[in-house]
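Letters A, B, ... mirror the listed sequences (proteins, then strands); counts begin at 1. This is a predicted model, so every value here is computed, not measured.
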Number of protein chains: 2
Amino acid sequence: MIRLSRMADYGVVVMTHMAWRRHENQTAHQVAAGTGLPEATAGKLLKVFARSGILTSHRGAHGGYELTRTPEDISVAEIVEAVEGPIALTLCVDEHPGHCGVEALCPMRGGWNRINAALREAFEGLSLAAMAFPAPPEFAGPGGRPAVGL
Amino acid sequence: MIRLSRMADYGVVVMTHMAWRRHENQTAHQVAAGTGLPEATAGKLLKVFARSGILTSHRGAHGGYELTRTPEDISVAEIVEAVEGPIALTLCVDEHPGHCGVEALCPMRGGWNRINAALREAFEGLSLAAMAFPAPPEFAGPGGRPAVGL
DNA sequence: CAAAACAGAACCGATTTGGTTCTATTTTGC
DNA sequence: GCAAAATAGAACCAAATCGGTTCTGTTTTG
Ligand code: FES
Ligand code: FES
């Protein structure tokens with residue numbers, strides 16, 4: 001399986017929490033408590049998001065974090081990129097040369113770009129709001145809940 | 001970056017070689033020589049592909065491998081899946097329950113399926129032929145070759 | 001029966017990853 | 001002004017993963 005790193009996954013969890021508590025200043029401690037993540041880890045992610053600009057941070061006593069934009073205006077792409085770097089499966093993307101291990105075969109690689117593009121588009125087309133506030137139960141399958149394992 | 005494992009990448013390289021030498025029985029040794037991959041590694045990949053059914057193997061002296069289908073009929077998805085397992089970024093896919101680390105937040109995960117689907121479709125829509133026989137030079141940028149770093 | 005080739009598992013070193021810890025720095029309130 | 005509460009940022013470590021090799025079969029050919 002092509003694994004999305006656990007950190008990126010947790011990143012979405014953290015941002016989901018922030019979307020739920022929108023406009024409430026959240027400390028790292030609160031986020032950790034709310035998500036069940038270890039405090040140091042949650043803190044690390046929050047710092048990353050603050051640096052990337054999707055969260056604003058206030059330091060000092062009574063500090064904390066807050067969303068800079070509405071959940072509708074934050075894409076999952078931004079979240080994942082903040083923790084994982086650019087969204088792409090292979091190095092040979094976007095004229096990023098010099099990484100070709102098997103250069104004799106290089107010309108074929110154009111095909112990867114198509115896949116990278118598709119992936120990036122999928123991430124960009126999914127908003128934090130869509131993650132944090134999923135479709136209401138009436139659209140779900142039998143059982144009343146969207147089908148999500150466990 | 002969401003990295004596609006190097007093995008999967010090499011897998012495509014190996015299959016590309018097989019597409020080029022279609023209908024010629026290729027030994028692991030020949031494939032290794034043709035691709036520049038270490039022999040043991042090429043062998044390992046060939047075995048995997050044989051088991052997955054996209055290559056047929058003949059053992060014994062004068063043995064080797066051959067494509068079972070035409071390059072047009074083999075998708076990159078099949079190649080990658082053979083090496084990496086199912087194409088998906090997260091565990092919470094396709095009713096595959098029991099992996100939820102942060103269950104309190106589970107309902108939101110439906111969104112991942114959209115991304116997983118997009119990724120899988122991209123892989124399925126790309127044939128080995130498209131990888132092995134890229135668009136001819138007249139469609140490429142200046143320089144006469146499709147733009148692929150290095 | 002010997003050589004050539006694949007089948008499959010086991011194994012090992014190196015890299016990556018997840019996660020913690022430590023030292024600033026900033027802000028607030030007494 | 002000082003202590004407490006909080007983030008900023010880097011350094012660090014253990015564990016899991018990955019890339020790659022090796023070894024022991026098995027099958028086929030001549
Ligand atoms: S640059 Fe990526 S394969 Fe050549
Ligand atoms: S099953 Fe994947 S998050 Fe709950």
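Comparing A/A61 and A/L46 by the nucleotide of DNA chain D whose heavy atom lies nearest to each, the residue mapping closer to the 5' end is A/A61. Mapping B/K44 and B/G63 onto DNA chain C by nearest heavy atom places B/G63 closer to the 5' end of the strand. Annotation: of the two residues near DNA chain D, A/R6 and A/H58, the 5′-most nearest-nucleotide partner is A/H58.
Side-chain proximity of B/S5 to C/dC6, D/dG19, C/dT20: nearest is D/dG19. For A/R51, counting side-chain heavy atoms from C-beta on, the closest listed nucleotide (D/dG9, D/dT7, C/dG18) is D/dG9.
The line from CZ of A/R3 to CG of A/D9 is 10.0 Å long, rounded to the nearest 0.5 Å.
Below the 3.5 angstrom threshold, one finds no donor paired with an acceptor across the side chain of A/R59 and the base of C/dT27.
Within the 4.0 Å cut-off from OP1 or OP2 of C/dA7, at least one side-chain nitrogen or oxygen of B/Y65 is found. Taking 4.0 angstrom as the limit, A/T41 places a side-chain polar atom (N or O) nearer than this to OP1 or OP2 of C/dT20. The side chain of A/S57 contributes an N or O atom lying less than 4.0 Å from OP1 or OP2 of D/dA8.
Note: NE2 (A/H62) to C1' (D/dA3) measures 14 Å, nearest angstrom. Between the P atom of C/dC6 and the CD atom of B/E66 lies a distance of 13 Å, rounded to the nearest Å. A/K47 has its NZ atom 11 Å from the C1' atom of C/dT23, to the nearest Å. Regarding B/L45, its CG atom lies at a distance of 13 Å from the C1' atom of D/dT21, rounded to whole Å. Remark: P of C/dG8 and CZ of B/F49 are 15 Å apart, rounded to the nearest angstrom. With rounding to whole Å, A/R3 atom CZ is found 8 Å from D/dT17 atom C1'. The separation between A/L55 atom CG and D/dT7 atom P is 11 Å, rounded to whole Å. Summarising the geometry, the separation between CG on B/N25 and P on D/dT29 is reported as 11 Å, rounded to the nearest angstrom.
A donor and an acceptor atom, one from each side chain of B/H29 and B/E39, are located under 3.5 Å apart.
Under the 4.5 Å side-chain criterion, counting only non-hydrogen atoms from C-beta, A/L37 is in contact with A/V14. Looking at heavy atoms from C-beta onward, A/Y65 lies out of side-chain contact with A/T56 at the 4.5 angstrom threshold.
Note on A/H29: nothing from the nucleic acid sits closer than 4.0 angstrom, heavy atoms only. Nucleic acid contact for B/G43: none, since no nucleic acid atom lies under 4.0 Å from a heavy atom of the residue.
Under the 4.0 Å criterion applied to side-chain N and carboxylate O atoms, B/R120 and B/E81 are not assigned as salt-bridge partners.
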